[in-house]
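Notes for the one structure printed next.
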Protein chains: 2
Amino acid sequence: MGQRSRATTIADVAAHAGVSQASVSRVLNGRSSVDPEIVRRVQASIAELEYRPSPTARSLVNGRNNTVAMVVPDLENPLFQGILKGLSLAAARDGYRVLVADTAENVDDEEEIAVEARQRCDALVLCAPRMPEAKLRALVDAVSPVVVVNRPLPGADVPVVGVDYVRGIRDLVDHLHDLGHRRIAYASGPPTSASNAERRRGVAEALAAHPDVRIDEVPGGSRLDDGYAASDAVLAAHRDGCTAVIAFNDLVALGLMTRLHELGVEVPRDLSIAGFDDVPMAGFATPRLTSMSVPRGEIGGQVWLRLRTLIEGGPVEHSVLYSPRLEARGSTAAVAEGVA
Amino acid sequence: MGQRSRATTIADVAAHAGVSQASVSRVLNGRSSVDPEIVRRVQASIAELEYRPSPTARSLVNGRNNTVAMVVPDLENPLFQGILKGLSLAAARDGYRVLVADTAENVDDEEEIAVEARQRCDALVLCAPRMPEAKLRALVDAVSPVVVVNRPLPGADVPVVGVDYVRGIRDLVDHLHDLGHRRIAYASGPPTSASNAERRRGVAEALAAHPDVRIDEVPGGSRLDDGYAASDAVLAAHRDGCTAVIAFNDLVALGLMTRLHELGVEVPRDLSIAGFDDVPMAGFATPRLTSMSVPRGEIGGQVWLRLRTLIEGGPVEHSVLYSPRLEARGSTAAVAEGVA
DNA sequence: CTGTTAGCGCGTTCAC
DNA sequence: GTGAACGCGCTAACAG
């Protein structure tokens with residue numbers, strides 16, 4: 001690594017400056033006090049030789065990489081992108097870089113990838129929404145220090161940074177209820193997804209809070225085409241009396257809206273639609289998509305804070321759950337008179 | 001790195017198996033032939049002690065990280081995401097991981113970030129669409145081995161993997177011309193963006209090829225809100241006779257379509273709109289957005305191929321330019337009778 | 001085929 | 001305040 005052929009080393013600098021390697025190392029790290037004259041000479045030599053210390057050698061002796069790894073199921077998911085970006089920027093301010101490991105949705109490889117990635121880095125960020133909980137708990141112990149993103153892990157000795165999907169769904173149902181909706185369809189996410197389970201809990205709690213509401217679950221998915229394909233099931237629910245749809249996320253909602261438009265179903269007149277995540281496109285859909293906003297970048301920042309503490313040997317800091325914020329837009333509207 | 005307290009080292013394994021470190025190293029790397037009995041003992045010890053070799057120590061002695069860095073201006077850009085994903089998956093198959101460095105659109109920091117990232121890795125991928133060309137040429141020499149993404153660098157000793165924006169725009173103009181459009185507006189991208197310059201060259205060539213066509217440039221941008229905000233300029237061009245718009249990319253096109261819809265301008269009846277990149281959402285817009293498709297994942301794969309060759313000491317392989325493919329959809333249509 | 005030795009480049013004790 | 005020497009964990013020479 002470093003330069004192409006024989007990289008200049010600390011020994012070269014020492015020789016050039018007529019001092020010992022130790023002194024060079026000292027001025028490099030600002031350790032203890034060094035004679036100003038030596039400092040000057042060393043710095044001059046460093047500049048002249050264009051010396052750059054080897055991060056690898058430093059890593060070996062320091063036992064630290066200044067690198068953290070982030071394991072994600074799919075780098076193209078807008079949610080993970082935002083978190084990665086937030087993490088990357090926050091870590092950079094402390095001289096850390098982020099290694100990405102995309103598991104390509106392959107749950108079976110996740111564990112091995114995580115362990116391998118952790119091996120190369122000082123800490124790990126785990127986004128593994130579909131990993132069985134027991135497996136995740138075991139893994140988390142094996143790869144410490146680690147921070148888990150976006151799924152609850154009660155009792156585990158790990159900071160979790162995530163989104164309060166339960167509350168988000170409840171707030172969304174409240175919103176629809178206020179608009180007069182009493183029959184709602186939930187276009188669910190991937191069956192094994194932890195955040196889908198959380199959303200379903202939200203649905204259950206909402207039902208308990210609103211005895212006059214009924215919520216039917218229809219198969220959804222997590223991507224645009226899943227939403228597009230869910231139109232049949234959604235329309236069946238609509239014929240059955242549903243006046244609003246909550247989609248697993250914005251992509252599903254957007255795909256669904258596209259298909260509904262093609263079929264001549266007008267949103268929100270015939271059917272209200274709401275998504276989740278508030279991706280950039282949500283505010284630009286036609287009609288603008290009502291969604292629950294999630295602070296992706298800030299989640300990444302909070303992940304870094306906890307990671308840094310752990311790396312420095314600090315305590316396992318508190319987990320944190322962000323409450324999604326309702327972004328009420330044009331895709332949800334009051335139920336037509338006489339239908340409610 | 002490695003385990004939490006004192007990681008078990010190769011020496012522990014050697015002692016446990018009653019052999020020398022060299023032998024352990026040999027079975028670990030499958031080097032030369034080792035007595036089957038020793039192999040068995042060593043493997044048993046490795047398993048029992050749960051030994052994992054230190055990547056850092058290996059890096060130091062091998063002079064290799066098995067890591068490459070990718071520098072991007074904005075991790076949230078769908079184009080770079082797709083490339084990153086393709087690169088990450090391809091590299092993983094060869095045991096390499098990718099380090100990301102987001103420059104947050106800060107052109108002034110790009111050089112330093114690139115050098116620092118390169119220092120930690122075996123090679124570099126550079127996405128720097130706004131860096132002045134002279135600076136980029138100098139940088140490219142300093143961080144070799146390196147592959148440049150998505151901007152031409154004629155004569156430089158670097159593989160470039162990119163998109164033929166010139167041809168893409170020409171094909172797009174051909175498409176619009178076939179539909180009868182003679183007055184077209186180009187909603188341009190960031191002024192300093194290299195790919196915007198390429199697109200403008202495409203516009204110029206298209207004009208030369210179609211003397212009967214006129215193309216006006218209006219300020220666009222690169223994001224959804226830029227497109228939304230460009231509606232005034234676009235409408236002015238429309239009043240002036242333009243019947244079609246080519247946007248810098250799909251985000252601009254989508255943002256523009258949103259605003260036009262709000263203003264009651266019907267696409268494509270009143271105005272045809274085309275984008276570039278064919279992001280996933282393009283096929284789900286209303287109307288579906290005509291776009292030039294770009295193989296993001298494959299670009300990442302090609303980047304890796306060239307990177308790997310370079311890392312292994314191979315020659316600078318040929319650059320490659322992908323021709324975008326026209327995805328003609330509903331947002332572009334024939335000019336109304338009598339208007340052409 | 002195996003063990004011993006010598007570094008990779010750097011930080012850090014120790015004496016001076 | 002400074003330098004010599006050792007070690008981080010591993011691989012690659014070289015002997016045996």
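Not measured: the values here are computed from a predicted model. Chain letters run A, B, ... following the sequence lines, proteins first, then strands; residues in each count from 1.
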Separation of atom CZ in B:Arg41 from atom C1' in C:dG3, rounded to whole Å = 13 Å
Rounded off to whole Å, could you give me the CG-to-P distance for the B:Asn66 and D:dT11 pair?
-> 12 Å
Round to a whole Å and report the spacing from CG of B:Leu60 to C1' of C:dC8.
-> 4 Å
Report yes or no: does A:Arg26 contribute a side-chain atom to a donor-acceptor pair with the main-chain N or O of A:Asn29 at less than 3.5 Å?
-> no
Check the surroundings of atom CG in B:Asp35: do more than 12 heavy atoms from other residues, nucleotides or ligands lie under 6.0 Å from it?
-> yes
Main-chain N/O of B:Val161 paired to B:Ser319 side chain as donor or acceptor, under 3.5 Å | no
For atom CZ of B:Arg64 and atom P of D:dT11, their distance in whole Å = 11 Å
Look at B:Arg130 together with B:Glu105 and state whether they make a salt bridge at an N to O cut-off of under 4.0 Å.
-> yes
Salt-bridged, B:Asp102 to A:Lys85, with N to O below 4.0 Å?
-> yes
With a cut-off of 6.0 Å (strictly less than), are more than 12 heavy atoms of other residues, nucleotides or ligands near CD of A:Glu112?
-> no
Just the table, please: protein N/O against nucleotides 10-12 of chain C N/O, every pair under 3.5 Å.
from   : atom 1 : to      : atom 2 : distance (Å)
C:dC10 : OP1    : A:Tyr51 : OH     : 2.4
C:dC10 : OP1    : A:Ser54 : N      : 2.9
C:dC10 : OP2    : A:Ile10 : N      : 2.4
C:dG11 : OP1    : A:Asn29 : OD1    : 3.4
C:dG11 : OP1    : A:Asn29 : ND2    : 3.4
C:dG11 : OP1    : A:Arg58 : NE     : 2.6
C:dG11 : OP1    : A:Arg58 : NH2    : 3.2
C:dG11 : OP2    : A:Ser25 : OG     : 3.1

Taking only the side-chain nitrogens and oxygens of B:Ser20, find out if one of them lies under 4.0 Å from OP1 or OP2 of C:dT2.
-> no
